[in-house]
Novice: 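Just passing along the structure, written as structure tokens.
Within every chain, numbering begins at 1; the chains are lettered A, B, ... in the order of the sequence lines, protein sequences first and strands thereafter.
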Protein chains: 2
Amino acid sequence: MQRPSTPHPLGEVPPIEVSRRVNSIADQVFRTLRSSIVTMRLTPGTALSEQEIAGRLNVSRQPVREAFIKLSESGLVRVLPQRGTFVVKISAKAVTDARFVREAVECAIARRASEGIPAGALADLRAILSEQRVAAAAADPEQFFVLDEAFHRGLAHAADCTYAWKVIEEAKAQMDRVRFLSLPDATPMDHLVAQHAEVLDAVAAGKGAAADAAMRAHLREILKSLPRLAQAFPEMFEPGAAEEETEAAPPPARRKRTAR
Amino acid sequence: MQRPSTPHPLGEVPPIEVSRRVNSIADQVFRTLRSSIVTMRLTPGTALSEQEIAGRLNVSRQPVREAFIKLSESGLVRVLPQRGTFVVKISAKAVTDARFVREAVECAIARRASEGIPAGALADLRAILSEQRVAAAAADPEQFFVLDEAFHRGLAHAADCTYAWKVIEEAKAQMDRVRFLSLPDATPMDHLVAQHAEVLDAVAAGKGAAADAAMRAHLREILKSLPRLAQAFPEMFEPGAAEEETEAAPPPARRKRTAR
DNA sequence: TTCGTCGAACTTCCATACTACCATTTCAGC
DNA sequence: GCTGAAATGGTAGTATGGAAGTTCGACGAA
């Protein structure tokens with residue numbers, strides 16, 4: 001973890017030095033943890049502790065604590081006072097709730113985009129699609145993931161919906177954990193590219209309703225594997241269905257050390 | 001500010017003692033500040049300082065800092081490192097962006113609610129409407145505000161959309177500041193009640209499209225006064241239109257002490 | 001064996017000291 | 001009087017120590 005204007009005490013940190021505005025340590029910790037959680041390198045149920053993470057990243061507990069707060073706001077960890085901080089397990093309800101919000105917002109974005117976006121933006125999106133086809137042909141899921149994100153974000157920004165994208169980004173975090181879990185046998189990538197293309201064609205043609213429908217179909221496709229995954233990886237998922245939001249803090253999984 | 005299991009050192013705090021789970025100090029500070037900002041008791045542009053707030057509330061800087069972090073995540077304050085923390089001015093773009101998201105999500109909620117909600121919930125919502133009529137007749141805007149919030153939240157929960165409501169709640173914060181500014185000469189309250197009734201009737205009749213349309217019309221009504229207010233209270237608003245999200249931190253309003 | 005009690009080890013939460021940085025002011029030099 | 005560099009006061013960011021609370025296992029008595 002790199003402290004501002006100080007030789008990095010951690011070996012892992014690449015020597016990025018170019019850009020100023022290397023954000024605060026707390027932000028770096030937040031990004032690191034968030035990425036680890038979303039990509040499932042930190043598995044659901046894992047116990048985190050301020051001290052442990054601080055020691056591992058060679059920083060004090062304070063910035064770690066602030067990162068925990070932000071992660072907790074995003075619904076990725078749960079802080080139980082005096083007990084511990086845990087990576088929340090995937091909850092089928094939380095995922096479908098996130099999809100509901102994402103669908104509502106992103107379909108609205110598609111409609112708005114159909115009313116007109118900058119010409120350059122349209123070209124950029126088409127370029128992303130080409131790259132996706134390459135990644136699909138090369139069977140490179142990770143790169144495909146990156147490009148998928150770029151497409152959705154690009155469309156949002158083209159439609160001048162920065163706040164809406166921020167909302168989607170947060171909902172997406174819940175969904176992405178499922179997608180990472182389903183990486184091996186997900187929907188064929190060419191199929192997803194075709195759906196992207198369908199959205200983009202509708203947008204380009206100014207057909208709002210069609211863009212909306214295409215986007216909706218696309219977003220519903222993504223989580224088709226959810227029930228199967230919930231059965232295949234029960235330890236990653238919240239057990240029952242209805243016991244969300246109970247007041248009494250449910251005893252979380254037995255403390256399981258973070259083992260990278 | 002009341003410390004858990006400690007005699008409250010601040011006189012202002014009402015002696016709520018009944019319920020356990022008096023949340024942490026940081027949470028109390030957060031709620032206090034958030035409420036003050038949304039109701040415009042802390043006017044846009046006001047400088048907050050960790051130390052000052054801490055002194056005023058008789059707590060240390062630490063919980064205040066955590067409250068600032070959360071407020072900053074909500075887009076209600078902006079933290080400029082080594083310079084200060086400021087209540088963000090109302091930005092026309094931010095408000096319309098919030099409305100865009102809220103409209104997308106809440107209309108989706110209305111559609112879902114039309115597919116069926118618990119019978120009790122429907123009755124509860126009708127009860128809220130009656131109370132709103134009373135408040136409208138009594139010309140009691142504050143109470144009307146509370147009931148308005150209750151109606152929208154009640155509909156969301158009836159449709160089992162808790163996460164969606166959380167998203168709306170955050171978008172609403174931006175919009176509510178405008179509403180508080182327009183309290184004197186806002187849309188007549190009876191008109192708003194009628195719109196609520198229209199939504200609810202469509203929901204009860206299972207007419208999803210009608211509920212969507214009614215909700216959309218209702219939400220668009222709320223901010224009609226925005227342009228006028230931006231002219232009437234220029235010091236509360238972000239000046240131009242397009243210079244959002246500039247990387248270089250724009251020098252905020254000259255430090256103006258919080259004066260309660 | 002089973003139950004209750006106590007204690008050690010852990011956690012988050014809060015308070016406080018210190019650091020780095022920014023903005024303004026002050027004041028010497030011209 | 002004017003300019004510019006150093007001093008000063010104020011800010012958020014970080015580090016660290018202690019307080020309050022939870023968990024869990026050891027230990028002993030029934």
Novice: Do you know which two heavy atoms are closest between B:L181 and B:F237, and how far apart they sit?
Specialist: CD2-CE1, 3.9 Å

Novice: Of the nucleotides C:dC22, D:dT14, C:dC14, which one has an atom closest to the side chain of A:E66?
Specialist: D:dT14

Novice: Whole angstrom is fine here: how far is it from CG in A:N23 over to P in D:dT14?
Specialist: 10 Å

Novice: Between A:V77 and A:L48, is any pair of side-chain heavy atoms under 4.5 Å apart?
Specialist: yes

Novice: Can you tell which of C:dT11, D:dT16, C:dC22 lies closest to the side chain of A:Q62?
Specialist: D:dT16

Novice: Taking atom P of D:dG13 as reference, at what distance in whole Å does atom CD1 of A:I69 sit?
Specialist: 13 Å

Novice: Output all residues satisfying side chain to side chain contact (heavy atoms under 4.5 Å, CB included) with A:A156, sequence neighbours left out; order by chain, then residue number.
Specialist: A:I109, A:W165

Novice: What nucleotide, of D:dA12, C:dA23, C:dC14, holds the atom closest to the side chain of A:R61?
Specialist: C:dC14

Novice: Considering only D:dA15, C:dT12, C:dA15, which nucleotide approaches the side chain of A:T85 most closely?
Specialist: C:dT12

Novice: Find the distance A:E50:CD to D:dA20:C1' and express it as a whole number of Å.
Specialist: 14 Å

Novice: I need the CD1-P distance between B:I25 and C:dC13, as an integer number of Å.
Specialist: 12 Å

Novice: Within this structure, what is the CD1-to-P distance between B:I53 and C:dC14, rounded to whole angstrom?
Specialist: 17 Å

Novice: In whole Å, I'd like the distance from the CZ atom of B:R65 to the P atom of D:dA15.
Specialist: 11 Å

Novice: Want to settle it: does A:P63 or B:V79 sit nearer the 5' end of DNA chain D, counting the closest nucleotide to each?
Specialist: B:V79

Novice: Separation of B:E52 atom CD from D:dG9 atom P, in whole Å?
Specialist: 19 Å

Novice: Expressed as a whole number of angstroms, how long is the span from A:L48:CG to C:dC13:P?
Specialist: 13 Å

Novice: Please check the phosphate of C:dC10 (OP1 and OP2 only) for any side-chain N or O of A:R83 closer than 4.0 Å.
Specialist: no

Novice: Evaluate the side chain to side chain contact (heavy atoms under 4.5 Å, CB included) criterion for residues B:V29 and B:L57: first the C-alpha distance (whole Å), next the side-chain angles of each, then the deciding distance (0.1 Å), finally the verdict.
Specialist: CA-CA 8 Å; B:V29 176; B:L57 299 181; 4.1 Å; yes

Novice: For D:dG13 and A:S24 - does any side-chain N or O of the residue sit under 4.0 Å from the phosphate oxygens OP1/OP2?
Specialist: no

Novice: The criterion is salt bridge (charged side-chain N to carboxylate O under 4.0 Å, His left out); which residues satisfy it with A:R177, sequence neighbours excluded?
Specialist: none

Novice: Taking N and O atoms by type only, does the side chain of A:Q82 place a donor or acceptor under 3.5 Å from a partner on the base of C:dT12?
Specialist: yes

